[in-house]
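Chain letters run A, B, ... following the sequence lines, proteins first, then strands; residues in each count from 1.
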Amino acid sequence: MTSSLIIELGHLLNISIKAGTPLLLASLGEVYAERSGVLNLGLEGIMLIGAATGFIVAYSTGCPELGVLAAIVAGAIIGLLHAFVCISLQANQVVAGLALVMVGTGLSSLMARDYVGIALKRALRPVKIPGLSRIPIIGEGFFHHDILVYASYFITLILWFIMYKTKYGIWIRAVGEDPSAADAMGVNVYLVRYICTTFGGAMAGLAGAHISLAYTPMWVEGITVGRGWIALALVIFAMWDPLRAMIGAYLFGTTEVLQYWLQMPLQAMGIDPSLLGTFPYVATIIVLLVGSFERIRKRIGAPASLGKPYVRGF
Amino acid sequence: MASPKGALFTALVAIICIIAGLGGGWFIAWNQARGEVEALRAQVAELSKRLAAVEAKPPEVAPAEKIKAAWIYVGPVEDYGWTYGHDRGRRYVAEVFKDWLETYAVPKVSGAECLQVIDKLVAEGYKVIFATSFDFMDATYKAAEKYPDVIFFHCSGYLRRQNMGTYFAEFYQLYYLNGLIAGALTKTGHIGYVAAHPTPEVIRHINAFALGVKEVNPEAKVYVLWIHAWYDPTKARELAETLINKYSCDVLAFTEDTPTVVEVCQEYYEKGRPVYAFAHYSPMLKYGPDVCVSGQLVHWEVIYADILMKIKLGIYTNTNLENVDYWWMLREGAVELGCDYGVPINPKFIPVLKNIIVEKEIMLPNGTVVKNPSVYDLVFIRLAQMMEESPTFDPFTGPIYDQQGNLRVPPGERLGHDALWTMDWFVDNVVGEIPKGGGA
């Protein structure tokens with residue numbers, strides 16, 4: 001009985017982490033973009049472009065790894081475009097981001113029109129890590145995944161390290177808090193913002209590739225079905241911290257999977273299981289509420305200059 | 001519905017089916033059944049030729065008038081499910097009738113936008129409008145009142161008018177056949193069903209599937225979980241994995257508009273843990289070459305061709321559609337058993353299925369008794385029976401009990417169209433609840 005419970009929990013953890021990974025990848029990039037002061041609401045659109053590009057390249061070359069690279073490049077290009085519009089043209093970031101969603105949705109469906117109903121010869125399949133995967137629960141949970149999940153572990157750690165332990169992290173945070181002060185200190189505000197926003201796009205592209213090459217290896221129109229929006233909520237939930245984004249992503253993933261895992265028992269108790277599905281949004285609202293208190297806000301709040309274009313000497 | 005000629009023709013084919021079944025075994029019967037679908041298409045082509053001949057005469061009666069027909073879709077064209085199926089039908093008639101038919105499609109329309117879209121289409125001169133979602137029913141009905149000159153056809157609804165007909169390609173026979181196979185293949189005795197929304201259609205399909213399972217494997221249970229979406233690959237995956245890992249299901253069927261479930265099963269197969277699946281709506285064999293056993297395929301083009309032909313010939317007008325309700329299934333060729341067109345059962349599974357014997361006797365219409373057929377034979381016997389002019393078999397034949405043990409269908413009786421159309425209960429070997437306040 002207990003051993004079957006251990007196996008079951010291992011599977012639950014496995015599915016939850018897989019479900020959380022696209023959210024994690026997209027939100028990590030967005031954490032960087034927003035930390036530098038650029039809001040990108042277009043994650044959903046960029047993820048779709050990444051998913052479509054990744055699938056097309058993976059199918060055409062027969063190599064999903066190339067698809068992943070292509071998705072990153074495609075995402076970066078869109079991120080760069082957003083950077084140009086928001087930083088150089090100083091457009092309204094909310095409007096620009098929403099426009100990206102529409103562009104991404106339309107463009108991805110146009111690009112990949114002929115790839116509907118086609119299966120990849122090789123998708124990114126789960127690989128067990130020898131040794132580690134034999135640890136009860138944790139082994140199945142963390143070490144029986146596709147390479148992008150493993151990559152996300154390292155990316156999270158590296159991004160956290162850069163953000164908090166290097167001078168580049170200080171630059172990024174300074175630019176997002178007070179760009180004119182950062183400028184006065186000799187930090188190139190525009191360059192930092194350009195790099196962070198482009199990086200954010202690249203990560204959203206990667207998240208899309210995880211969906212179309214590993215999670216559900218196929219192309220269908222609108223394949224991300226709103227994951228980009230949840231990733232945006234996750235950034236707030238994580239309070240702009242890569243490690244917390246990881247915890248949040250797995251928490252969101254777990255609650256989503258629990259909706260189904262507990263569907264029958266909850267129904268039997270007369271509780272609507274889809275209540276669990278609202279968790280990401282409810283949790284985000286709570287964080288927003290808590291974060292709005294002045295004292296807490298200073299410690300964990302949004303970057304002070306988020307969404308504000310920087311004009312030198314203004 | 002079908003023209004008397006069509007009825008005569010299908011009757012003829014059905015008789016041929018039976019004779020062939022007697023002589024050459026049931027696989028030949030299947031070929032005949034396939035042939036019937038082809039024959040129907042040939043009939044469409046023939047009628048189309050005759051029509052062309054009529055048009056070739058000097059146009060003193062009327063100039064070769066083009067019919068402008070528009071389709072309204074609820075989803076994206078490239079969903080590889082419901083909307084994809086309809087658009088395939090549209091492209092087919094657009095090609096076959098290109099001399100006199102002009103088509104146009106509006107994708108991603110919500111129920112609230114439908115009336116507006118229809119206004120626009122009518123203003124642009126579209127005379128035939130196909131509304132392909134249950135959500136469009138009220139809007140389409142209103143539009144039919146507003147534009148009495150335009151012919152409307154609404155898919156999956158029940159409201160009709162003198163200028164508004166209804167049509168549907170129904171799958172329950174196929175789900176039953178899939179259930180026979182699922183019941184035979186399961187080793188754990190747990191079969192999973194990834195269900196979209198708790199509508200009568202989905203419930204009917206789950207029940208038909210479960211009845212098939214029960215016929216070959218009375219002990220097996222069908223576990224049903226709901227994703228509450230017609231289209232969401234990510235959720236479908238999570239749900240499929242839940243069924244596999246929490247409920248140890250080793251065969252899955254589903255209602256969702258993407259090949260996700262088949263893809264997940266293929267992944268589990270490659271992990272060394274085979275889970276089998278059935279394709280839904282579109283060919284999905286290529287997503288799961290090792291796991292996709294059979295499935296349900298739709299041929300909306302058969303219905304669209306019939307409707308448009310009859311409009312062109314003046315059989316259907318804007319004044320006589322009050323009782324035009326297509327409820328087309330295997331016999332009419334609107335649906336097909338298979339994981340790909342022309343592949344009723346993945347060849348990989350044929351030897352296995354031929355080796356599993358079902359202990360029962362089946363009396364064929366001609367009086368022959370088949371004793372202990374293999375599952376494979378049983379599938380094709382049932383298929384042929386359901387393809388007859390008046391089917392000698394229907395999955396919803398009593399006695400059928402619901403989950404609470406109430407007798408829902410008395411022995412020997414068959415559920416009629418209305419009972420199937422409003423179904424809101426599960427048969428007794430289904431595990432799971434129908435959420436309250438369901439619907440899309």
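Under the 4.5 Å side-chain criterion, counting only non-hydrogen atoms from C-beta, B:K235 is in contact with A:E256. When side chains are defined from C-beta on, A:V220 does not count as touching B:Y84, because their heavy atoms never get closer than 4.5 Å.
Heavy-atom distances place the side chain of A:T105, and not its backbone, under 4.5 Å from chain B. Contact annotation for A:R227: only side-chain heavy atoms (C-beta onward) come within less than 4.5 Å of a heavy atom of chain B. Contact annotation for B:T234: both backbone and side-chain heavy atoms come within less than 4.5 Å of a heavy atom of chain A. Both the backbone and the side chain of B:D232 come within less than 4.5 Å of a heavy atom in chain A. For B:I227, the parts lying near chain A are the backbone and the side chain together; criterion is any non-hydrogen pair under 4.5 Å. Heavy-atom distances place the side chain of B:E270, and not its backbone, under 4.5 Å from chain A.
Among A:R125, A:M218, A:K18, the residue making the largest number of heavy-atom pairs under 4.5 Å with chain B is A:R125. Comparing B:D79, B:I244, B:T242, B:V431 by heavy-atom pairs within less than 4.5 Å of chain A, the highest count is held by B:T242. The most heavy-atom pairs under 4.5 Å with chain A, out of B:G75, B:A229, B:P76, come from B:P76. When the candidates A:G226, A:A112, A:G222, A:P273 are compared by the number of heavy-atom contacts under 4.5 Å with chain B, A:G222 comes out ahead.
A donor-acceptor contact shorter than 3.5 Å links the side chain of B:R237 to the backbone of A:Y215. For B:Y287 (side chain) and A:L120 (main-chain N/O), no donor-acceptor pair under 3.5 Å exists by modelled atom type.
A search for side chain to side chain donor-acceptor pair (under 3.5 Å) contacts involving B:N245 returns A:H11, B:Y268, B:R273, not counting sequence neighbours. Partners of A:H210 according to the ring pair (Phe, Tyr, Trp, His ring centres under 6.0 Å) rule, which considers only residues two or more places apart in sequence or in another chain, do not exist here.
Heavy-atom contacts from other residues, nucleotides or ligands closer than 6.0 Å to NZ of A:K128 number 12 or fewer. No more than 12 heavy atoms of other residues, nucleotides or ligands lie within 6.0 Å of CZ in A:R134, so this atom counts as exposed by the packing criterion.
Atom CD of B:E241 is separated from atom CG of A:L12 by 11.0 Å, given to the nearest 0.5 angstrom. Atom CD of B:E267 and atom CG of A:D146 lie 8.0 Å apart (nearest 0.5 Å). To the nearest 0.5 Å, atoms NZ (B:K246) and CD1 (A:I15) are separated by 11.0 Å.
A pairwise comparison of heavy atoms in B:P233 and A:T216 identifies O-CG2, 3.7 Å as the closest pair. In this structure, A:P126 and B:K271 approach most closely via the heavy-atom pair CG-CE, 3.8 Å. Counting all heavy atoms, side chain and backbone alike, A:E221 lies closest to B:V77 at OE1-N, 3.9 Å.
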Compile the donor-acceptor pairs under 3.5 Å between side chains in residues 259-270 of chain A and protein atoms, sequence neighbours left out, one pair per line.
from   : atom 1 : to     : atom 2 : distance (Å)
A:W261 : NE1    : A:E8   : OE2    : 3.2
A:Q263 : OE1    : B:W226 : N      : 2.7
A:Q263 : NE2    : B:W226 : O      : 2.8

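Heavy-atom neighbours of chain A within the stretch residues 254-266 of chain B, taken at a separation under 4.5 angstrom, comprise B:T258, B:P259, B:T260, B:E263, B:Q266.
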